[in-house]
Amino acid sequence: MSLKCPFPHIGCENCDCTGITCQHLFPGLKVEWPELRGVSGLEAKRIIENDNPKVTCVLVPQGDGVFHINCCNRVLLRFPANDCPNGPVLNLPQVG
């Protein structure tokens, strides 16, 4: 598969939390996926968006800048720049 990993523009629902500290915003839904570190990006995206349909995964090549704001409707997935989106997830996937 030959997909690019642009940073798509999605509306940001600002919040003052990340990961487990956002649990109160998502009762009964997951907010962190440590088990997906190292998993293929497309597979991680599928699992996360299935586990928590209120978030969208954003594919970001390692080294690309991202504004440091917490958005409770997204999960950033970082990959090796030369193997995105099929490469392994490098960061801890979490809401925020």
Side-chain angles (χ1 to χ4, degrees):
M1 180 177 291
S2 174
L3 294 174
K4 300 277 185 188
C5 286
F7 186 86
H9 175 73
I10 61 170
C12 178
E13 294 176 15
N14 289 325
C15 60
D16 61 355
C17 60
T18 60
I20 198 68
T21 61
C22 292
Q23 188 66 66
H24 67 282
L25 300 173
F26 301 97
L29 298 172
K30 288 185 76 170
V31 292
E32 292 184 333
W33 293 265
E35 72 278 9
L36 296 181
R37 188 179 288 165
V39 171
S40 156
L42 294 176
E43 180 68 5
K45 177 178 172 51
R46 184 191 66 75
I47 291 169
I48 291 167
E49 291 177 355
N50 185 60
D51 286 349
N52 188 338
K54 295 183 178 187
V55 300
T56 300
C57 290
V58 179
L59 307 173
V60 183
Q62 189 70 11
D64 280 12
V66 176
F67 290 112
H68 293 284
I69 56 173
N70 294 341
C71 297
C72 285
N73 60 318
R74 74 177 183 192
V75 175
L76 297 180
L77 298 175
R78 292 236 182 229
F79 305 89
N82 64 344
D83 195 14
C84 184
N86 296 312
V89 175
L90 301 173
N91 64 312
L92 167 65
Q94 63 181 356
V95 169

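Atoms considered below: every heavy atom in the structure, side chains included; atoms not considered: hydrogens, waters and symmetry mates. Residues: numbered from 1 along the sequence shown.
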Would a 4.5 Å heavy-atom cut-off, applied to side chains only, mark [X] and [Y] as touching?
X	Y	result
Val31	Ile20	yes
Trp33	Val39	no
Cys71	Leu76	no
Lys54	Asn73	no
Leu77	Ile48	yes

Completion exercise
Smallest heavy-atom separation, Leu29 atom then Pro53 atom, equals CD2-CD, 4.2 Å
Exercise for the section: Take Cys22 and Cys17, measure what disulfide (SG to SG under 2.5 Å) needs, and give me the verdict at the end. Expected result: CA-CA 5 Å; Cys22 292; Cys17 60; 2.2 Å; yes
Are [X] and [Y] connected in the hydrophobic side-chain network, where two residues link if heavy atoms are under 4.5 Å apart?
X	Y	answer
Ile47	Val89	yes
Phe26	Leu36	yes
Leu92	Val95	no

Exercise for the section: May I ask you to decide if Arg78's main-chain N or O and Asn91's side chain share a donor-acceptor pair within less than 3.5 Å? Expected result: yes
Practice task
Measure from the side-chain N and O atoms of Arg74 to the backbone N and O of Cys57, and report whether any donor-acceptor pair falls under 3.5 Å.
Solution key: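 Checked: no pair found.
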Exercise for the section: Name all pairs fulfilling the side-chain hydrogen bond (donor to acceptor under 3.5 Å, both in side chains) condition that reach into residues 13-29, sequence neighbours left out, sorted by first residue then second. Expected result: none
Practice task
Any chance you could lay out the side chain to side chain contact (heavy atoms under 4.5 Å, CB included) test for Leu42 and Asn86, step after step, and finish with the verdict?
Solution key: CA-CA 6 Å; Leu42 294 176; Asn86 296 312; 3.3 Å; yes
Problem - salt bridge (Lys or Arg N to Asp or Glu O under 4.0 Å) partners of residues 31-43, not counting sequence neighbours, each pair once - result: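 Qualifying pairs, neighbours excluded: Lys30-Glu35, Glu43-Arg46.
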